[in-house]
Amino acid sequence: MKMSRLFLETLRDYPSDAEVISHKLLVRAGYIKKLANGIYNYLPLMWRVLKKIENIVREEMDKAGAQEILMPFLQPKELWEQSGRWEVYGKELLRLKDRHNKEMCLGPTHEEIVTALAGEAIRSYKQLPVNLYQIQSKFRDEIRPRFGLLRGREFIMKDAYSFDKDEEGMQKSYKAMAEAYTKFFKRCGLETKPVQSDSGAIGGNISHEYMVITQTDSGEDDVFYCDNCDYAANSNHAVSVLNETNIEGEWSQYEKISTPDIKTIEELAKFLHINSSVICKCLVYIADKEPVLVLIRGDKIVEETKLMNALEAKEIRTASEAEIKELMESHGFKAKPGFIGPKGFDDIKIIADKTVQDLKNFVMAINENDVHVVGANFGTDVKLPVKICDVRLVEAGEKCPQCGQPLKVTRGIEVGNIFQLGTKYSKAMNSTYTDENGKEVPFVMGCYGIGISRTAAAAVERHHDEYGIKWPISIAPYHVIIVPVNVQDEKQMEIAQNIYNRLNSSGIEVLIDDRDERAGVKFKDADLIGIPLRITVGKTVQDGFVELKIRETGEISKLTPDEAVSFVSKTVQNALNN
RNA sequence: CGGGACGUAGCGCAGCUUGGUAGCGCACUACCUUGGGGUGGUAGGGGUCGCAGGUUCAAAUCCUGUCGUUCCGACCA
């Protein structure tokens, strides 16, 4: 491809609205252009990258026994009502009506469609297992799209769905997908860590997310992991064994003490000269519009996804000051935030984190301003709530639940996930097959997603430097770029063209920068757009040499055109065979 | 949806405080120059200053509303 004909505009500056490096680089290097918030045009270079990633997915999915299909992007409300998700899915599901006033939605995922499809098409256990996948644009009306391709509203996803006759079969399908995923990401030049996670809106029991560890802040998830064993989990799912700490107060008597103007746990601990771990913290949340009290040890933080699951709520947030005031007044209290305690709220839900149950002689608030009690105990001074769950955010340094070594934390980008769905959808939608005994039974399902466009962005996050992108060869838009330094020099052009032709005809994807630009401009652009190999044809042709630069390492070598051609061919072959 | 910021040429920005008829760099067009890391020059083209209303002799500038974008939180591939 001739650069002079390529639909490409590289920018001298980074766009002002971009925050993370992949977004900045993809816009500046002319890969994407924003159409609307969270919605992008994929320009020729980007589209080539995406197609490469898609094809690697296809190869790995096909190898794992899955079959590609394509399901509709626009979906009827009825199926979503059958699964129960028309109600549950919230505002990320973009709903619209057609000309007959029929309600539809843009597909954010395809469990409903594929479950219905399998139910109709699969009759007998003899046909199982089946694994169907597709690669398609999805639409999720995200609350806050950002970070370019890392969190768009419209994005390209590979989604696969497995159908098995029993739990054991599903486990096998799940494992096959897990293996395919690891291979896939590796081929894209990405090291991923499979981590346990919450299964969110998709549902199901066991799930893993595939995280690209970023080290930088561009990842949106915190991942807790253990260096000693294979434990790794998203913060919304991670558990830990707490380090030893003081959980018994020194007071032997239950008594009220004056704590004027204390607003936070830190202030309280300081005021009483105690560790915050002997305080029972009480927080007010609003879960699906209902107030809920949450008790947790003073030095710990509530993990809201865990809390949401524990409450079986759809939506959760901390209460505003006005809501707290209203709650207090409706129960005859005047306490300000800071003095809220669990006593006197028999009619509302109170949930306790596991950390509070072992507290002894602890400190808590009792809905009286400027007063706390010390030496409190569950059972005698206050009832322990019926519901005790783990709703605590794990912190680095706490012990691994598997081996007891200290956990570490890092940021990660979720590029894929796999879920064991079980019969959640097949039961709800009455999607069944006939088993060996002639009985109609629901499929046992799994589902498996990979964010194609997000994978591309994650690759940029992991492979770039101050000059631009450094694509891994496997997903680079072109393998090599030939730069004739001076297009008006006939000899340079002749040799460049010759190398171009030879590489091209041997299946190498090659770009030739035939623009009448200065060398500096071409070099900067080549670095920016991140082509892995560069052949510079310049003055050295007089001595029969060209120059080969490896983008990844910056290594430069002087070769004859023949050597350059064979080096490039070999390097690309090797990279693709891996 | 809550809290902050910003909308001026394709991109990055100045001008706004103290109203007076719109500017800089890059990009673009033409010619010259240069030719191994964003060459230098000359001449050009391009903007109803997000939109609507108001104040005023006069609004990019002040006021109100609205739309959009963006950052911080809950959602997620």
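Note that the structure is predicted; figures quoted are calculated from it, not measured.
When the shell of 6.0 Å around CD of Gln67(A) is examined, it contains 12 or fewer heavy atoms from other residues, nucleotides or ligands.
Taking 4.0 Å as the cut-off between side-chain N and carboxylate O, Arg153(A) and Glu92(A) do not count as a salt-bridged pair. Classification of Lys539(A) and Asp489(A) as a salt-bridged pair fails, no side-chain N sitting under 4.0 Å from a carboxylate O. Look at Glu81(A) and Lys77(A) and you find a salt bridge, because one of the NZ, NE, NH1 or NH2 atoms lies within 4.0 Å of a carboxylate O, short of that distance.
Taking atom CG of residue Asp221(A) and atom C1' of nucleotide C76(B), one finds them 8 Å apart after rounding to whole Å. Atom NZ in Lys558(A) sits about 13 Å away from atom C1' in G36(B), given to the nearest Å. The interatomic distance linking His23(A) (NE2) with U70(B) (C1') rounds to 11 Å, in whole Å. Remark: C1' of G12(B) and CG of Leu11(A) are 9 Å apart, rounded to the nearest angstrom. The CE-P distance, from Met157(A) to C76(B), rounds to 13 Å in whole Å. If you measure from atom CD of Glu92(A) to atom P of C1(B), you get 13 Å, rounded to the nearest angstrom. Rounded to a whole Å, the CG atom of Leu8(A) is 14 Å from the C1' atom of C11(B). Here G12(B) presents its C1' atom at 11 Å from CZ of Arg28(A), a figure rounded to the nearest Å.
Taking the ring axis of Tyr478(A) as reference, the NZ or CZ atom of Arg48(A) stays within 45° of it and closer than 6.0 Å to the ring centre. Cation-pi geometry between Arg534(A) and Phe523(A) is met: the NZ or CZ atom falls under 6.0 Å from the ring centre, inside 45° of the normal. Relative to the six-membered ring of Phe155(A), Lys138(A) misses at least one condition, a distance below 6.0 Å or an angle of at most 45° to the axis.
In this structure, the nucleotide among G12(B), G38(B), C76(B) sitting nearest to the side chain of Val521(A) is G38(B). Of the candidates U70(B), G37(B), A77(B), the closest approach to any side-chain atom of Lys524(A) belongs to G37(B). Side chain of Glu9(A), nearest nucleotide from A27(B), C11(B), C76(B): A27(B). Side-chain proximity of Asp13(A) to G36(B), G25(B), G37(B): nearest is G25(B).
Using a 4.0 Å heavy-atom criterion, one finds that Asp516(A) contacts the bases of the nucleic acid, with or without backbone contacts as well. Base engagement by Thr536(A) is indicated by at least one non-hydrogen atom pair under 4.0 Å involving a base atom. In this structure, Glu19(A) reaches the sugar-phosphate backbone alone: every heavy-atom distance under 4.0 Å involves primed, P, OP1 or OP2 atoms, never a base. Contacts of Pro15(A) with the nucleic acid, taken as non-hydrogen atoms under 4.0 Å apart, involve only primed sugar atoms and P, OP1 or OP2. Using a 4.0 Å heavy-atom criterion, one finds that Lys549(A) contacts the bases of the nucleic acid, with or without backbone contacts as well. Nucleic acid contact for Arg153(A): none, since no nucleic acid atom lies under 4.0 Å from a heavy atom of the residue. Across all strands shown, Tyr14(A) has heavy atoms under 4.0 Å from sugar-phosphate atoms exclusively, and none from any base. Within the nucleic acid shown, Thr540(A) comes within 4.0 Å of at least one base atom, counting heavy atoms only. Val415(A) comes within 4.0 angstrom of the backbone, heavy atoms only, and of no base. Nucleic acid contact class of Gly152(A) (heavy atoms, under 4.0 Å, all strands): base. In this structure, Gly449(A) reaches neither bases nor backbone, as no heavy-atom distance under 4.0 Å exists between it and the strands shown.
C72(B) and U29(B): their P atoms are spaced 38 Å apart (whole Å). The C1' atoms of U21(B) and A27(B) are separated by 28 Å, rounded to the nearest whole Å. Of the P atoms belonging to A43(B) and C24(B), the separation is 13 Å, rounded to the nearest Å. Taking atom C1' in both G68(B) and A30(B), the straight-line distance is 38 Å, to the nearest Å. Comparing A9(B) with G25(B), their P atoms are spaced 16 Å from each other, to the whole Å. Rounded to whole Å, the P atom of C26(B) lies 29 Å from the corresponding atom of C71(B). G44(B) and C13(B) have their P atoms separated by 28 Å, given to the nearest Å.
One cannot find a donor-acceptor pair under 3.5 Å joining the base of C75(B) and the side-chain atoms of Arg317(A).
If Lys522(A) and Ala18(A) are placed on RNA chain B by their nearest nucleotide, the residue sitting closer to the 5' end is Lys522(A). When the nearest nucleotides of RNA chain B are assigned to Asn37(A) and Asp525(A) by heavy-atom distance, the more 5′-ward of the two goes with Asp525(A).
At least one side-chain nitrogen or oxygen of Ser16(A) sits closer than 4.0 Å to the OP1 or OP2 atom of C13(B). Under 4.0 angstrom from either OP1 or OP2 of C75(B) there lies at least one side-chain N or O belonging to Thr305(A). For the pair Arg518(A) and G35(B), the criterion of a side-chain N or O lying under 4.0 Å from OP1 or OP2 is not met. For A27(B), the OP1/OP2 oxygens have a side-chain nitrogen or oxygen of Arg12(A) closer than 4.0 Å. In terms of phosphate contacts, Lys138(A) brings no side-chain nitrogen or oxygen within less than 4.0 Å of OP1 or OP2 of A77(B). At C72(B), one or more side-chain N or O atoms of Arg146(A) fall inside 4.0 Å of OP1 or OP2 (strictly under the cut-off).
Below 30°, between 30° and 60°, or above 60°: for Tyr89(A) and Trp80(A) the angle between ring planes is above 60°, a perpendicular geometry.
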